[in-house]
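For reference, the structure discussed in these notes is given below.
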2 protein chains.
Amino acid sequence: MFAALGDRTRLRLVMRLCHDGPLSIAKLTAGTDVTRQAVTKHLRLMEEAGLLRAARRGRERVWELEPERLAEARRYLEIISRQWDDALGRLGRFVG
Amino acid sequence: MFAALGDRTRLRLVMRLCHDGPLSIAKLTAGTDVTRQAVTKHLRLMEEAGLLRAARRGRERVWELEPERLAEARRYLEIISRQWDDALGRLGRFVG
DNA sequence: GACATATGCAACCTCCAGGTTGCGAATCAT
DNA sequence: ATGATTCGCAACCTGGAGGTTGCATATGTC
């Protein structure tokens, strides 16, 4: 999940999608400095991670974000930092 | 940043830290199936990513989370999904 | 001092993520 | 039907991430 966002090209693709709306592979490739095949691989990877969703339209394959996954990641980070605060609290009580 | 969390070992380290509080390298290594050196490398990587912070205490080096970075990541994801909603809204107006 | 503990440094190895190239297949336009 | 787009498949290549090993260096303990 985080690995899916932990790559330059992929993060760019997500940003592109996130403020241009659904796009085809060719359109997405246009904004990058890599090959269409590389873009395709990244898109599939993110699809398996649950971040994206694809749909055929004519000869194109249109990709769009799956925002629920982002929300999930956000919740996860929130849990992490909350547990961290708790741990520091316990530590403070035991030490001080 | 997301790349820092996009690795199994690193995510485990973060989880361990997040609910046990600050720990030394040896203690952190105990919970893993890899070498102390590997753990050290990961810790430094996350330090450079701004996720962790270290402090010497005697002969130990104690690591702890830098929760501000997590908050930053959360904000970033929020921006992403908000822009996505906006993009879909524009699309809807133009098409429908 | 002698010994154990906790870490640092550096060289090395292996594997796969990220990328490319070449070709084939489906869809649209004229 | 011919050509131009848009995509899929498969083989291939390469750098660096993740890991290990061996040794050196501080710090604590007796």
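Lettering of chains follows the sequences in order, A, B, ..., and the numbering in each one begins at 1.
Within a heavy-atom distance below 4.0 Å of DNA chain C, no residue of residues 47-55 of chain A is found. For the contact set between residues 17-37 of chain A and DNA chain D, defined by any heavy atom under 4.0 Å, the members are A:S24, A:I25, A:A26, A:R36, A:Q37.
Between the base of C:dT7 and the side chain of B:R61 there is no donor-acceptor pair shorter than 3.5 Å.
Protein atom CZ of B:R8 is 16 Å distant from nucleotide atom C1' of C:dC15, rounded to whole Å. C:dA29 atom P lies 7 Å from atom CZ of A:R59, rounded to whole Å. Following rounding to the nearest Å, B:W63 (CH2) and C:dA6 (P) show an atom-to-atom distance of 17 Å. In this structure, A:L45 places its CG atom 11 Å from P of C:dG19, rounding to the nearest Å.
Residues B:R44 and A:K41 each lie close to DNA chain C; by heavy-atom proximity, the contact nearer the 5' end of the strand is made by B:R44.
Across all non-hydrogen atoms, the minimal contact from B:Q83 to A:H19 is OE1-CB, 3.7 Å.
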Item to check | Residue pair A:L70, A:V14: steps toward the side-chain contact (heavy atoms from CB on, under 4.5 Å) verdict | outcome: CA-CA 11 Å; A:L70 298 177; A:V14 168; 5.6 Å; no
Checklist entry - What do the steps show when you test A:L5 against B:Y76 for side-chain contact (heavy atoms from CB on, under 4.5 Å), and what is the final call? => result CA-CA 12 Å; A:L5 291 173; B:Y76 187 78; over 6 Å; no
Next on the checklist: Could you go through B:L88 and A:L65, starting from their C-alpha distance and side-chain angles, then the distance that decides it, and tell me whether this counts as side-chain contact (heavy atoms from CB on, under 4.5 Å)?
Outcome noted: CA-CA 10 Å; B:L88 287 190; A:L65 270 177; over 6 Å; no
Checklist entry - B:L45 and B:D7: side-chain contact (heavy atoms from CB on, under 4.5 Å), yes or no, with the steps? => result CA-CA 11 Å; B:L45 225 158; B:D7 175 84; over 6 Å; no
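The phosphate of C:dG19 (OP1 or OP2) has a side-chain N or O of A:T9 nearer than 4.0 angstrom. For the OP1/OP2 pair of C:dA17 and a distance below 4.0 Å, the side-chain nitrogens and oxygens of A:H42 include no atom meeting the criterion.
Counting any heavy atom pair closer than 4.0 Å across all strands shown, A:R57 reaches no nucleic acid atom. Residue contacts shown for B:R10 are limited to sugar-phosphate atoms, with no base heavy atom under 4.0 Å away.
Bracketed by its first and final contacts, the part of DNA chain D lying under 4.0 Å from non-hydrogen atoms of chain B reaches from D:dG18 to D:dG28 in 5' to 3' order.
Taking CG of B:L43 as the start and CG of B:L51 as the end, the distance is 11.0 Å to the nearest 0.5 Å. Note: A:L13 CG to A:C18 SG = 11.5 Å, rounded to the nearest 0.5 Å. Atom CE of B:M15 and atom CD1 of A:I79 lie 10.0 Å apart (nearest 0.5 Å). One finds the CZ atom of B:F2 at 7.0 Å from the CG atom of A:L11 (value rounded to the nearest 0.5 Å).
The salt bridge (charged side-chain N to carboxylate O under 4.0 Å, His left out) analysis of residues 61-71 of chain A, with sequence neighbours excluded, yields the pairs A:R53-A:E64, A:R53-A:E66, A:E68-A:R75, A:R69-A:E72. Residue pairs meeting the side chain to side chain donor-acceptor pair (under 3.5 Å) criterion with at least one partner in residues 28-51 of chain A, sequence neighbours excluded, are A:R10-A:H42.
No more than 12 heavy atoms of other residues, nucleotides or ligands shown are found within 6.0 angstrom of CZ on B:R8.
Helix-axis bend for the helix from C:dG1-D:dC30 to C:dT30-D:dA1: the local axis fitted to the five terminal pairs at one end deviates from that at the other end by 30°, rounded to 10°.
Under a 3.5 Å cut-off, the side chain of B:R16 and the backbone N or O of B:K27 do form a donor-acceptor pair.
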